[in-house]
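What follows is a set of notes on a single structure, which appears directly below.
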Amino acid sequence: MRVLFIYPNLNAEEGFNHGVADLSGALKARGHVTGLININEALYEVPTDEQIVDQVRQWRPDLIAFSVMTQQYKYSLRLARRIKAALPMVPMAIGGVHTIMCTEEVKSDRFWDFIGVGECDEALPILLDRLLAGDPTYLDTPNFCVRRPDGTYQHNPLGPYPSLDDLPPKDYEIFDLPHMLGRKNGWQSILTSRGCPYRCSYCFNHEVTDRYLEEGGHTRKSYLRHYSISRIIAELRELRKRHPYIETFIFDDDLFTLNKEYCADFAKAYTDADLGVPYVLNAHVQSFSEKVAAALSESPCMIVKFGVESGSENLRRKVLDRHMTNQAIIDAFDLCHQYGLHTSAFLMFGLPYETREMMLETVDLMARIRPGRMRWAIFFPFPGTKSYTICKIGDLIDYRKMDAMDNYFCASCLKFDGRTDLFIRQLQRTFHWYVNARAGLPLSAAYGRLVDEVERMDATAWHEASETLLARDRELSNGYLARVSPGDAAAAAANKHYSIRYTEVMAVDSDFVLAEKGEYKNLGARRWKAFREQIAESRAAGAALKNDGQSQGSGAILNSAVGSVDMPDLHILQSDTPGGEWRSIPRDGSGMSAAGVRQMGTGPIGPLVQIGRLKT
């Protein structure tokens, strides 16, 4: 069968979707053919709905599967309906975080033929095998809500969590890695595990484990699993062989350091593998030790990232269910710095019931820690999470704003008073200025004056000034960096500061910027739109990306290692793993693979036509 994945990711990070790659690998291992439409304006010119429908029609899929986050759901539903109108006999499936968090809401649309819930690596191939065989037990496939002929759904229980080493290889090649790596400065995302034992209120993990326990009897402990180290190292070797322009591996596991023994052994294995590139990982301050820090310091570990979220212990504990002290956070960062590890702090502001004073606690904690870099987001209440319930009970959500958001980088959808909402928007652009001003640096007084300038602005003045601040920040930073000659430690210390680099929500320490080779540090910061009234604005953002990138000013938003502002047209891609080459799918729908081999099931005229007629 021919399965087309569609990954809508507009006005959001141009990330790698591991779920799609895992599912594609599982299907290809059973002889199916997979393709992908990856919709992101920073990667491709975004076609109209009609153009996408035309591409789908020419590819002739047997099944279409959407992978969606909450903010992308309405666009996905609209696009899927237009595809269905053109190809009424092709069944539609949907999965992703949104479907496990909001299963009943998705079912209420009475549109999707198959709603995947949880990890479907084993369930999706079973579903396709049953459909291909005309087996009416497709209705009973675990991990799926299956629409019956009368429009109602059969809600099937969740099967056990898959054993990771028993799964087929992930299909990295379904994504256009040569192009994506260029846009992401050579960084490639990797997962060595699945699951997380913590139950943070803003995360989906607690809902996943609750559903698996309630519907399948699977324990919360069984949620956390690791791939074997040997499998991951082999995977990394293969990726480097296929894509020598990979410059950094980023391990996006929720908690890479949770299993300290695994972490230390992995660091040694990575070093022994001599892959020739550094790596980045996520840690937790309560799952970090000197043994881990020492092991990482003896390996090519480039960055250790910690989720700090807030500097307010009270807010972290009562709203976020993050039960660590500020001292524990300080100790973990100090330990990293003692071993020469570059650190990153992930932060949020605009949290439920957060005040200006609480946000300044976050500023002060960062000023004390002085991480290597800071990255922030504005809190978004994802439906299905505990934090969403907190906001809903407190009547904190402005649903008009929430409905118009594609991401959580630019603005808040909570009902803050005007002064607090303005402060959140100011922090989104100048958080690092506040840290610079309060960190006791030689440049603190200079940045204090900038903060005072920001504080004097009302909403109108801020609206006028905010769009100029990225360019102004870069100009200031470059001026300070120009004072530092190579090897001049005293000058580096005298001009130490944070500046916006890479994206508009990341501030990087000047020592790292000075040491970084190449042109990445000189690229403009990737930017996003705060609100989207209609999807055409996201398409316009792609054009703005090109236009701004062509300018010579320091505020350009281009973020591409290849240095080109030209983006290819979006088109369906499928991978041929043995050859590792990328080609467009034949536009005549001839059913030829990238290697020129005829594939099975080249159109919606096979067994799936009979889906509605299977006896129940």
Side-chain angles (χ1 to χ4, degrees), residues 11 70-71 200-202 308-322 326 346-367 374-383 385-435 437-438 447-448 450-470 504-505 507 527-533:
N11 195 25
T70 295
Q71 295 103 322
C200 305
S201 68
Y202 52 88
V308 174
E309 321 313 345
S310 170
S312 168
E313 290 188 357
N314 193 42
L315 194 66
R316 278 202 312 269
R317 184 176 63 256
K318 292 184 176 180
V319 174
L320 302 182
D321 284 339
R322 301 272 318 219
N326 280 357
F346 184 81
L347 311 165
M348 285 193 288
F349 32 83
L351 293 158
Y353 302 107
E354 189 173 24
T355 64
R356 173 190 169 90
E357 289 69 29
M358 291 174 178
M359 295 179 214
L360 289 175
E361 287 185 70
T362 305
V363 171
D364 288 336
L365 182 59
M366 292 301 100
M374 303 169 289
R375 177 166 181 158
W376 51 85
I378 297 176
F379 171 80
F380 183 89
F382 282 98
T385 62
K386 182 178 177 181
S387 62
Y388 176 82
T389 302
I390 291 171
C391 294
K392 186 176 181 179
I393 291 173
D395 190 27
L396 304 181
I397 302 173
D398 182 331
Y399 286 96
R400 180 188 61 82
K401 285 185 177 180
M402 185 180 183
D403 193 49
M405 295 178 105
D406 293 317
N407 61 65
Y408 42 74
F409 299 123
C410 302
S412 172
C413 65
L414 299 191
K415 298 175 182 176
F416 287 103
D417 62 83
R419 289 178 61 86
T420 304
D421 189 72
L422 174 60
F423 187 57
I424 290 169
R425 285 184 282 139
Q426 290 171 333
L427 283 182
Q428 190 271 347
R429 187 67 88 226
T430 64
F431 179 85
H432 61 299
W433 284 8
Y434 281 80
V435 175
R438 299 164 83 109
Y447 278 97
L450 293 175
V451 168
D452 290 341
E453 181 183 333
V454 170
E455 294 275 327
R456 288 192 296 269
M457 294 182 187
D458 60 15
T460 301
W462 173 255
H463 180 74
E464 294 175 356
S466 61
E467 288 301 307
T468 69
L469 291 184
L470 286 180
E504 66 175 304
V505 291
R527 297 178 61 187
W528 294 276
K529 293 175 64 65
F531 298 104
R532 168 239 342 121
E533 295 300 331

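Quick caveat: nothing in here was measured; it's all calculated off a predicted structure. Computed over heavy atoms, backbone and side chain alike; hydrogens, waters and symmetry mates excluded.
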Applying ring pair (Phe, Tyr, Trp, His ring centres under 6.0 Å), run through F431 and F349 and close with a yes or a no. CA-CA 10 Å; F431 179 85; F349 32 83; 5.7 Å; yes

Are T430 and L450 close enough, and set up right, to give a side chain to side chain contact (heavy atoms under 4.5 Å, CB included), and what steps lead you there? CA-CA 9 Å; T430 64; L450 293 175; over 6 Å; no

Report the C-alpha separation of T385 and Y202 in whole Å, then their side-chain angles, then the decisive distance to 0.1 Å, and conclude whether the side chain to side chain contact (heavy atoms under 4.5 Å, CB included) test is met. CA-CA 6 Å; T385 62; Y202 52 88; 5.6 Å; no

Could you walk me through whether R316 and N326 pass the side chain to side chain contact (heavy atoms under 4.5 Å, CB included) test, one step at a time? CA-CA 10 Å; R316 278 202 312 269; N326 280 357; 2.8 Å; yes

Steps toward side chain to side chain contact (heavy atoms under 4.5 Å, CB included) verdict (R317, N314): CA-CA 5 Å; R317 184 176 63 256; N314 193 42; 3.3 Å; yes

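The closest side-chain heavy-atom distance from K392 to T389 is not below 4.5 Å. Looking at S412 and D421, their side chains come closer than 4.5 Å, going by heavy atoms from C-beta outward. Counting heavy atoms from C-beta outward, D398 and L414 have side chains that stay 4.5 Å or more apart. Proximity of Y353 to K318: side-chain heavy atoms (C-beta onward) are nowhere separated by under 4.5 Å. Within the 4.5 Å cutoff, no side-chain heavy atoms of M374 are placed close to those of V308. Side-chain contact between F379 and E309: absent, with no pair of heavy atoms (C-beta onward) separated by less than 4.5 Å. A 4.5 Å side-chain heavy-atom check between W376 and L427 finds every atom pair outside the cut-off.
Note that the CZ atom of F423 and the CG atom of D417 stand 12.0 Å from one another [nearest 0.5 Å]. Residue M366 holds its CE atom at 12.0 Å from CD of E361, rounded to the nearest 0.5 Å. The NE2 atom of H463 sits 13.0 Å away from the CE atom of M457 when rounded to the nearest 0.5 Å. Atom CD1 of residue I378 and atom CG of residue L351 lie 10.5 Å apart, to the nearest 0.5 angstrom.
Across T362 and G311, no two heavy atoms sit closer than the pair OG1-N, 2.8 Å. Scanning all heavy atoms of the two residues, the minimum distance from R429 to S466 falls at NE-O, 3.3 Å. Nearest approach of W462 to R425, heavy atoms of both residues: CZ2-O, 3.5 Å. Between A377 and F346, the shortest heavy-atom contact is CB-CZ, 3.8 Å. Of all the heavy atoms in P383 and T70, the pair that sits closest is CD-CG2, 3.7 Å. Summarising the geometry of L422 relative to D458, their closest heavy-atom pair is CD2-C, 3.9 Å, with the distance given to 0.1 Å.
At distances below 3.5 Å, not a single donor-acceptor pair connects side-chain atoms of Q428 with backbone N or O atoms of A411. Under the 3.5 Å distance criterion, the side-chain polar atoms of R438 are left unmatched by any main-chain donor or acceptor of A367. Listed for the S201 side chain is a donor-acceptor partner under 3.5 Å among the backbone atoms of V319.
Open room surrounds CZ on R419; 12 or fewer heavy atoms of other groups in view lie less than 6.0 Å from it. In this structure, K415 places its NZ atom where more than 12 heavy-atom neighbours from other residues, nucleotides or ligands lie under 6.0 Å away.
Between the side chains of S312 and S310, no donor-acceptor pair of N or O atoms lies under 3.5 Å. The closest side-chain donor-acceptor pair between E455 and Q426, if any, does not fall under 3.5 angstrom.
For R456 and D452, the salt-bridge test fails: no basic side-chain N is under 4.0 Å from an acidic carboxylate O.
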